[in-house]
Asks: 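Before I ask anything, let me first share the structure, which is written out below as structure tokens.
In what follows, every chain begins at residue 1, and chains take the letters A, B, ... in the order their sequences are listed.
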Amino acid sequence: MMLLKIAWRNIWRSKTRSAVVIFAIASGLVGGLFSSAWMNGMAKQRVINTFSIETAHIQLHHPNFADNFDVKRTISLTDKKLNEISKIGGVKAVTSRLKVSAMAATANKNMGVTIVGINPKTEKEVFGLYKKVDSTSGDFFTSKKKNSIVVSKALAKELKVKIKSKIILTFQDYNGEITGAAFKVIGIFKTDNSPWDKMHVFVRDADLRKVVEIPKGQSHEIDILLDDYEQASFISADLKSKYPELLSEDWSEIQPYLSFITEYMDMMMGIFMIIILGALGFGIVNTMLMVILERTKELGMLMGIGMNRKRIFLMIMFETILLALVGAFLGEFISLLLINYYGNVGINISSLAEGMESVGYSAISYPMLEPYRYLQITILVILTGIFASIYPAFKALKLNPAEAIRTL
Amino acid sequence: MSVIKVSNLTKTYTDTEVPVHAVNGIDLTFEKGEFAAIVGPSGSGKTTILNMIGGLEKSTSGTVEVHGQDISELSSGKLIDFRLNNIGFVFQAYNLIPVLTAKENVEFIMQLQNWEKTKMNERTFAILESVGLGNRVNSKPNQLSGGQQQRVAVARALASKPQFILADEPTANLDSKSTNQLLDIMEKLNKEENITFIFSTHDQRVVDKAHRVIKVDDGKVVSDEVKN
């Protein structure tokens with residue numbers, strides 16, 4: 001206890017010097033933590049958006065459906081399966097979809113798209129796309145008008161359509177015949193992923209089923225939303241054994257990129273913080289060497305009166321760690337305030353919106369950092385303090401007490 | 001049996017351009033309860049002698065025996081423990097720990113010896129009382145005068161219950177009043193508690209109080225006089 005007390009009080013002997021070190025550590029950590037939180041927020045938002053708009057947490061397909069979107073490769077007895085899956089623990093909501101490759105045509109342009117046939121009620125329980133249709137851009141199947149279609153703003157711009165415009169969809173039906181139908185635009189959505197937006201249009205399951213002539217009870221995809229997305233791999237494995245004739249994939253299998261960016265961000269944050277703390281560590285070493293130089297006489301006296309090497313070493317190590325920790329707590333506190341503030345209001349980089357959205361990221365990002373990250377950083381700072389104290393402590397241990405006491 | 005026996009002790013500094021023979025084969029013994037002063041001009045070797053007796057410096061040759069144990073044979077780690085448990089030091093520049101109060105400075109050495117807290121507390125207050133600082137226990141060194149700081153240093157030296165106390169020019173930075181107070185306290189402790197004090201000094205006031213005066217010059221003992 002006495003060593004800790006001395007170490008703590010020693011920090012404040014040279015207030016200016018300690019303050020410089022503390023602010024250096026604090027600003028380093030604020031920079032590191034805030035930018036990590038920003039990157040983390042962007043990545044998490046990307047992941048959450050993908051779950052909400054594109055993939056849900058688990059998907060079931062016919063094993064060969066993904067090869068060429070063959071309309072005949074369906075899941076049979078869909079309603080029964082939806083009922084069974086909805087009863088599995090951890091499943092929050094479930095829906096089915098039809099998916100047909102098609103050509104969307106207007107008087108101005110033709111574009112290849114995927115038609116997604118949905119059941120609006122259950123769709124809204126699993127996916128959040130309906131929230132991306134704002135009140136000035138129509139609605140997401142609130143009325144029961146037949147052959148309605150919801151398209152993205154990006155596609156609408158390409159095809160030069162607006163609400164109430166008609167789009168002709170041409171595709172191959174269940175019997176292999178080329179067929180088509182006209183759909184009226186009732187809603188325009190916009191997500192943060194413009195390439196995806198351009199490739200998907202949404203119609204009612206019943207309308208699409210009728211024109212493609214898909215038998216009742218069959219679908220192309222079952223989408224499952226879970227209470228906790230981290231349970232996806234376990235529940236997907238259960239579904240594989242329950243429905244061996246189907247292909248069950250969790251989100252990391254459907255979009256390997258998602259798990260990659262999560263892991264990549266973790267790794268980047270780690271490397272980033274280690275670089276920052278490494279640089280700060282050298283600053284701390286320098287400060288502690290100055291401390292040893294200034295306190296040569298005192299250290300000589302301590303050795304002289306009988307303070308052994310282990311205690312001298314510990315005293316210097318405690319002082320270094322405490323100095324680093326004060327800086328760390330200050331930095332973490334400021335970071336917490338900044339991250340909380342910008343986590344609520346968001347950081348808008350609208351000037352880069354087009355570029356961001358072309359790779360699936362939102363122009364407005366909300367920095368976030370999990371609480372355990374602060375603990376990790378604190379541990380890293382303690383380790384930095386330990387490493388930074390080793391060289392100065394050894395320098396102190398090499399002092400000759402008699403010579404050290406004689407120094408001015 | 002003598003407390004300290006110094007035999008044929010020499011110290012030559014070789015890290016200078018020309019080797020400096022600071023101590024040239026001295027022999028001394030100190031008995032329990034002595035109040036002795038090693039005196040001599042600057043550079044005469046008195047501090048070096050004291051440092052070697054206290055194990056702060058290794059001798060070039062010769063031995064220093066404390067209660068029959070040759071401390072020159074101890075490793076540096078064991079020497080630190082030896083100093084902690086056997087020797088009290090009082091330095092010229094007080095050398096207190098500036099961030100600790102008077103009480104904490106005294107307790108510090110007992111904490112190094114792992115004293116039990118209640119006993120440590122009792123002893124700290126008793127010692128600070130005995131050096132006349134019972135009312136300044138919570139003052140930090142920068143709140144004390146030079147004389148008071150040196151009295152705290154004496155209290156710290158006493159706290160570990162040493163075999164003897166080595167005081168290197170303890171009055172060099174003190175005014176007459178503080179010097180007299182300090183010397184009176186040390187003499188009282190010597191008389192009442194039979195604590196052995198060895199000073200290095202060139203202060204006549206210390207010489208006048210000392211019961212034994214060892215004069216050194218050029219690293220040699222030129223006289224060794226015990227007063228009646």
Side-chain angles (χ1 to χ4, degrees), chain A residues 1-18 288 290-323 326 393-408, chain B residues 11 13 15 22 47-48 50-58 75-101 103-115 117 120 140-142 153 156-157 159-160 162 165-166 168-169:
Chain A
M1 268 314 279
M2 184 65 98
L3 290 183
L4 269 175
K5 190 190 281 183
I6 294 174
W8 174 252
R9 290 184 189 171
N10 273 341
I11 292 174
W12 310 110
R13 280 168 74 170
S14 176
K15 291 189 178 70
T16 311
R17 185 178 53 210
S18 294
M288 291 311 292
M290 283 170 65
V291 165
I292 302 302
L293 194 68
E294 273 180 14
R295 295 193 205 142
T296 299
K297 193 182 183 84
E298 190 176 318
L299 288 164
M301 177 275 292
L302 290 171
M303 288 181 192
I305 64 172
M307 188 167 175
N308 63 29
R309 288 164 189 275
K310 185 179 145 196
R311 284 175 165 138
I312 296 269
F313 193 96
L314 279 177
M315 184 180 74
I316 292 164
M317 184 177 279
F318 287 158
E319 186 171 337
T320 317
I321 292 171
L322 288 173
L323 182 67
V326 173
F394 274 116
K395 287 283 272 188
L397 295 185
K398 280 185 182 169
L399 292 173
N400 175 314
E403 283 174 17
I405 291 166
R406 277 199 293 268
T407 56
L408 293 173
Chain B
K11 178 71 184 179
Y13 293 106
D15 52 355
T47 297
T48 308
L50 216 64
N51 282 344
M52 288 192 287
I53 292 173
L56 291 174
E57 275 187 77
K58 291 264 181 194
S75 66
S76 57
K78 284 193 174 160
L79 206 48
I80 289 174
D81 286 342
F82 182 85
R83 286 199 297 264
L84 173 65
N85 295 310
N86 294 281
I87 310 171
F89 287 94
V90 179
F91 302 101
Q92 180 179 338
Y94 328 133
N95 288 25
L96 299 174
I97 302 170
V99 293
L100 299 183
T101 63
K103 175 177 171 283
E104 288 166 339
N105 262 291
V106 176
E107 279 179 351
F108 177 72
I109 200 145
M110 288 188 275
Q111 289 209 354
L112 295 180
Q113 291 178 309
N114 300 318
W115 277 59
K117 199 175 176 186
M120 184 169 71
K140 286 194 176 162
N142 62 2
R156 180 181 66 187
S160 61
I165 289 176
L166 299 175
D168 183 16
E169 311 234 20

Asks: What's the separation between atom CE in Met2(A) and atom CD1 in Ile97(B), rounded to the nearest 0.5 Å?
Replies: 7.5 Å
Asks: Using non-hydrogen atoms and a 4.5 Å limit, figure out which bit of Lys58(B) sits close to chain A: side chain, backbone, both or neither.
Replies: neither
Asks: Taking the side chain as everything from C-beta on, heavy atoms only, tell me whether Glu104(B) gets closer than 4.5 Å to Lys5(A).
Replies: yes
Asks: Can you name the residues that form a ring-ring contact (aromatic ring centres under 6.0 Å, His included) with Tyr94(B), not counting sequence neighbours?
Replies: none
Asks: Test your reading of the model: is there a side-chain donor-acceptor pair from Arg83(B) to the backbone of Ile305(A), 3.5 Å cut-off?
Replies: no
Asks: Is it the case that more than 12 heavy atoms not belonging to Lys395(A) sit under 6.0 Å from its NZ atom?
Replies: no
Asks: Using a 4.5 Å cut-off on heavy atoms from C-beta on, say whether the side chain of Lys297(A) contacts that of Asn95(B).
Replies: yes
Asks: Need one label for Leu96(B): side chain, backbone, both or neither, based on atoms under 4.5 Å from any heavy atom in chain A.
Replies: backbone
Asks: Report the option among Met307(A), Arg309(A), Arg295(A) that has the most heavy-atom pairs separated by less than 4.5 Å from atoms of chain B.
Replies: Met307(A)
Asks: Of the listed residues (Asn10(A), Asn308(A), Ile6(A)), which shares the most heavy-atom pairs with chain B below a 4.5 Å separation?
Replies: Ile6(A)
Asks: Measure distances from Ser160(B) to the heavy atoms of chain A and classify the residue's part below 4.5 Å as side chain, backbone, both or neither.
Replies: neither
Asks: Got a donor-acceptor contact below 3.5 angstrom from the Arg311(A) side chain to the Leu112(B) backbone?
Replies: yes
Asks: Find the distance between CG (Asn400(A)) and CG (Leu56(B)) and round it off to the nearest 0.5 Å.
Replies: 8.5 Å
Asks: Please examine the side chains of Phe108(B) and Leu302(A), heavy atoms only from C-beta on, and report whether any two atoms are closer than 4.5 Å.
Replies: yes
Asks: Evaluate the side-chain proximity of Arg9(A) to Leu100(B): yes if any heavy-atom separation is below 4.5 Å, no if none is.
Replies: yes
Asks: Can you tell me how far the CE atom of Met303(A) sits from the CG atom of Leu84(B), to the nearest 0.5 Å?
Replies: 14.0 Å
Asks: With Ala157(B), which residues qualify under side chain to side chain contact (heavy atoms under 4.5 Å, CB included), at least two apart?
Replies: Val90(B), Ile165(B)
Asks: Looking at Tyr13(B), I want to see if its OH is surrounded by more than 12 non-hydrogen atoms of other residues, nucleotides or ligands under 6.0 Å.
Replies: yes
